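Because the structure is predicted, anything quoted here is derived from the model rather than measured.
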Amino acid sequence: GKLYQLLTGAFCLVLSVLSKETVVTFLGIIPIVFFFYKNESRKRSVHITVSTFMVIAVFMLIWIFKTDRSVLNGSGHSELISHFSNSAHETLSKLAFNIFVLGYYLKFLFVPYPLNFNYAYSSFPFEEYGNIGVLITLALYFLLGFTGIRRLFKNKKDPWAFSILFYLFTISIFSNIPFDLKLPYANRSEFFASVGFCLAFALAFERWILRK
């Protein structure tokens with residue numbers, strides 16, 4: 001609860017986000033942790049959350065500056081081989097495709113085979129909104145989001161809600177929704193998000209297998 005501890009934590013967060021961009025998803029996770037699970041001090045929660053937003057803002061400025069410089073220097077590139085959804089398809093079709101791939105991410109959590117370090121060109125076909133896989137994925141993610149938020153407001157320390165929202169927040173950066181960050185699809189992309197799944201799996205195992 002001391003200022004130097006807050007500054008030290010913020011500095012460590014700066015180092016972590018510069019090491020791996022996926023840490024930006026902590027924008028969603030940290031408020032959940034400190035407002036709902038460790039909510040003994042609302043003032044402390046506000047300070048930690050605000051410092052987190054400031055750190056991510058600094059990172060975004062660095063990232064934008066770096067991107068602009070790389071384009072000016074001619075080093076910026078976007079290869080179809082590394083981001084296979086970067087094509088001339090319509091925006092809605094690309095959105096449907098991104099939703100479809102999110103379904104694959106869910107599938108790989110339950111059946112992690114075969115795994116691939118990078119799903120490049122033609123790994124998945126482009127899909128339209130009429131595709132049954134797109135509709136099922138959309139329904140599943142809507143159900144997950146609704147369940148997580150509902151359980152969170154019903155019980156602010158609900159571990160099920162935390163595991164669901166942890167997964168949704170951490171997988172969101174790799175979905176290329178709503179912003180097309182041109183991030184490649186790969187199984188390593190859900191490594192961080194799989195923590196939420198592992199927690200939910202352990203909770204289910206404890207509740208239905210070890211209930212005695």
Identify all side-chain donor-acceptor contacts of residues 189-199 below 3.5 Å with residues at least two apart in sequence or on another chain.
unit_1: S189; atom_1: OG; unit_2: A186; atom_2: O; d: 3.2
unit_1: S194; atom_1: OG; unit_2: F191; atom_2: O; d: 2.5

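- Annotation for V134 and I99: closest pair O-CG2, 3.8 Å, computed over non-hydrogen atoms.
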* Decide yes or no on side chain to side chain contact (heavy atoms under 4.5 Å, CB included) for V55 and F26, but give the supporting numbers first. => CA-CA 11 Å; V55 166; F26 270 56; over 6 Å; no
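- Judged purely by atom type and a 3.5 angstrom limit, T147 has no side-chain atom pairing as donor or acceptor with the backbone of L144.
- Taking both residues in full, the closest heavy atoms of I48 and I30 are given as CG2-CG2, 3.8 Å, listed atom of the first, atom of the second, then distance.
- Defined by atom type and a distance below 3.5 Å, a donor-acceptor pair is missing between the side-chain atoms of N116 and Y185.
- R44 pairs by the salt bridge (charged side-chain N to carboxylate O under 4.0 Å, His left out) definition with E40, not counting sequence neighbours.
- Residues L61 and W63 do not share a hydrophobic cluster, clusters being chains of Ile/Leu/Val/Met/Phe/Trp/Tyr side chains in contact below 4.5 Å.
- Counting only residues at least two apart or on different chains, no side chain to side chain donor-acceptor pair (under 3.5 Å) pair has a member in residues 2-14.
- Applying the salt bridge (Lys or Arg N to Asp or Glu O under 4.0 Å) test to residues at least two apart or on different chains, the pairs with a partner in residues 129-151 are R151-D158.
- A side chain to side chain donor-acceptor pair (under 3.5 Å) check over residues 101-115, counting only residues at least two apart or in different chains, returns nothing.
- The side chain to side chain donor-acceptor pair (under 3.5 Å) contacts involving residues 17-34 comprise nothing, where partners must be two or more places apart or lie in separate chains.
- Environment of NZ in K156: sparse, with no more than 12 heavy atoms of neighbouring residues, nucleotides or ligands closer than 6.0 Å.
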